[in-house]
> 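To start, I am sharing the structure in question, which I have written as structure tokens.
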Amino acid sequence: MEEIIYLCFFAFLAGFIDSVVGGGGLVQLPALFVFLPGVPLPTVFGTGKLASIAGTTSAMVKYVRSVEINYWSMLPAAVAAFIFSFLGARALSHLDASLLKPLILILLVLVAIYTFIKKDFGSLHAPKLSAAKEKLYGLAIGAVIGFYDGFFGPGTGSFLIFIFIGIFGFNFLAASAAAKVVNVATNLSALLYFGYKGYILYEVAIPMAICSIIGSQLGTRTALKRGTAFVRVLFLVVVSGIIIKFAYDTYGTGGADFAKLSTSLLKWTGFRS
């Protein structure tokens with residue numbers, strides 16, 4: 001019971017953060033590892049995924065009612081993300097996901113620097129694309145991000161927000177809302193797989209899901225009330241946290257990952273046999 005209480009607190013906190021800028025897994029997943037020692041890895045992920053999708057879905061519903069976005073343009077992205085998230089999860093058993101860590105670290109650093117330097121980034125909602133192009137770009141983005149989320153995952157929400165601002169021209173609030181639509185699809189795909197395989201501890205996941213919903217509702221209301229400036233600051237804080245986590249994993253406990261990636265790139269380009 002004590003472990004469940006702690007996990008519920010972290011689920012609440014993750015739901016709050018994830019509802020605004022994504023990155024709730026940065027809080028929830030480490031807590032699951034700490035308070036569920038000895039539980040098989042797939043069961044840890046499956047239990048966390050049920051809590052996550054509850055909060056993400058709750059936030060999505062709140063955003064849909066409050067933020068003006070052509071959500072019909074986001075549906076193709078969600079469908080593509082659902083399909084490719086499953087394919088990414090399947091690919092995980094055949095490829096080494098650790099090779100992505102240094103590359104994702106570099107991308108996240110670039111995202112943080114660009115957002116910090118460009119002060120007006122995401123401050124105005126000025127869609128750049130027609131409805132047809134939004135659907136077409138959404139399909140491509142949903143496929144790429146969906147595969148990444150199923151294959152690896154960390155930072156998915158932050159990447160989606162950055163893409164919806166930079167390519168679609170949304171502000172931070174609208175981008176966060178659109179990201180939730182796609183994130184629900186990727187989470188649902190993974191959850192169906194974990195549920196089918198029996199990788200969910202429902203006695204833990206259900207209380208966590210309830211707390212995640214409460215956190216996501218509070219986070220969404222805070223974001224809607226305080227506006228894009230608040231979301232921008234929280235976005236930078238969360239991305240910085242993800243960068244620190246990736247840097248520690250890559251150089252602190254798994255520095256060989258960078259060497260593996262460098263060697264693979266050199267071989268691919270023909271500079272090393």
Side-chain angles (χ1 to χ4, degrees), residues 17-18 20-27 29 77 81 84-85 88 95-129 134 137-138 140-180 182-183 186 228-266 268-269 271:
I17 294 172
D18 201 70
V20 184
V21 293
L26 185 68
V27 173
L29 193 57
F84 279 84
S85 178
L95 300 173
D96 187 1
S98 66
L99 294 177
L100 286 177
K101 286 183 180 178
L103 183 60
I104 298 305
L105 175 60
I106 293 170
L107 290 175
L108 284 168
V109 169
L110 293 175
V111 166
I113 292 173
Y114 184 86
T115 305
F116 181 78
I117 293 176
K118 196 171 176 59
K119 302 296 183 182
D120 62 342
F121 184 70
S123 60
L124 297 175
H125 186 65
K128 304 174 183 177
L129 307 174
E134 280 189 356
Y137 282 38
I141 291 167
V144 173
I145 294 295
F147 186 88
Y148 169 75
D149 194 32
F151 181 67
F152 196 51
T156 297
S158 300
F159 280 130
L160 281 170
I161 290 173
F162 185 81
I163 289 170
F164 282 129
I165 294 172
I167 297 178
F168 287 71
F170 296 170
N171 62 20
F172 265 106
L173 205 56
S176 185
K180 295 297 168 289
V182 180
N183 242 351
T186 60
T228 58
F230 167 77
V231 178
R232 180 180 183 276
V233 172
L234 188 58
F235 177 82
L236 284 169
V237 170
V238 171
V239 169
S240 297
I242 297 174
I243 289 171
I244 293 171
K245 175 67 165 60
F246 266 94
Y248 177 76
D249 287 347
T250 304
Y251 298 103
T253 59
D257 293 339
F258 189 79
K260 288 180 183 178
L261 179 64
S262 300
T263 301
S264 299
L265 289 174
L266 287 170
W268 184 74
T269 53
F271 286 103

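Model, not experiment: these values are computed from the prediction. In what follows, every heavy atom counts, from backbone to side chain, and hydrogens, waters and symmetry copies are set aside.
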> Leu110: which residues meet the side chain to side chain contact (heavy atoms under 4.5 Å, CB included) condition with it, sequence neighbours left out?
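For Leu110 the side chain to side chain contact (heavy atoms under 4.5 Å, CB included) partners, ignoring immediate neighbours, are Ile106.
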> Identify, with sequence neighbours excluded, every residue that meets side chain to side chain contact (heavy atoms under 4.5 Å, CB included) alongside Val144.
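Side chain to side chain contact (heavy atoms under 4.5 Å, CB included) check on Val144 returns nothing, list empty.
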> Which is it for Ile145 and Ile163 under the side-chain contact (heavy atoms from CB on, under 4.5 Å) test, yes or no, and what are the steps along the way?
CA-CA 10 Å; Ile145 294 295; Ile163 289 170; 4.0 Å; yes
> Considering only heavy atoms from C-beta outward, does the side chain of Leu234 approach that of Val231 to under 4.5 Å?
no
> Atom CZ of Phe170 and atom CD of Glu134: how far apart are they, to the nearest 0.5 Å?
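Output value for this atom pair is 4.5 Å.
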> Looking only at atom types and distance, does a side-chain atom of Lys180 sit under 3.5 Å from a main-chain N or O of Val20, one as donor and one as acceptor?
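Pair absent, no side-chain N/O of Lys180 close to backbone of Val20.
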> Can you find a heavy atom in the side chain of Phe147 that is under 4.5 Å from one in the side chain of Ser85?
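Side chain of Phe147 against side chain of Ser85, heavy atoms only: no contact under 4.5 Å found.
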> Locate the shortest heavy-atom distance separating Phe84 from Ala143; write the atom from each residue and the value.
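Smallest interatomic distance, heavy atoms only, reads CB-O, 3.3 Å.
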> Can you tell me how far apart CG (Asp149) and CG (Leu160) are? Round to the nearest 0.5 Å.
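Asp149 CG to Leu160 CG: 8.0 Å, rounded to 0.5 Å.
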> Any side-chain heavy-atom pair from Leu236 and Val21 closer than 4.5 angstrom?
no
> Look only at the side chain of Ser176 and the backbone of Leu173, and say whether a donor-acceptor pair between them is shorter than 3.5 Å.
no
> Work out which heavy atom in Asn183 is nearest to a heavy atom in Gly157; give both atom names and the distance.
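Looks like ND2-CA, 3.9 Å.
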> For Phe168, does the CZ atom have more than 12 heavy-atom neighbours from other residues, nucleotides or ligands under 6.0 Å away?
yes
> According to ring-ring contact (aromatic ring centres under 6.0 Å, His included), who are the partners of Phe235, at least two apart in sequence or on a separate chain?
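With neighbours one apart ignored, the set is Phe172.
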> For a side-chain contact (heavy atoms from CB on, under 4.5 Å) check, start with the C-alpha distance between Val27 and Ile17, then their side-chain angles and the critical distance, and finish with the verdict.
CA-CA 9 Å; Val27 173; Ile17 294 172; 3.8 Å; yes
> Would you compute the distance between atom CD1 of Ile141 and atom CD1 of Ile167 and round it to the nearest 0.5 angstrom?
4.5 Å
> Less than 4.5 Å apart, side chain to side chain, heavy atoms only: is that true for Tyr148 and Phe159?
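Heavy-atom side-chain distance check passes, below 4.5 Å.
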> Once side chain to side chain contact (heavy atoms under 4.5 Å, CB included) is applied, do any residues pair with Ala77, and if so which ones, sequence neighbours excluded?
Val182
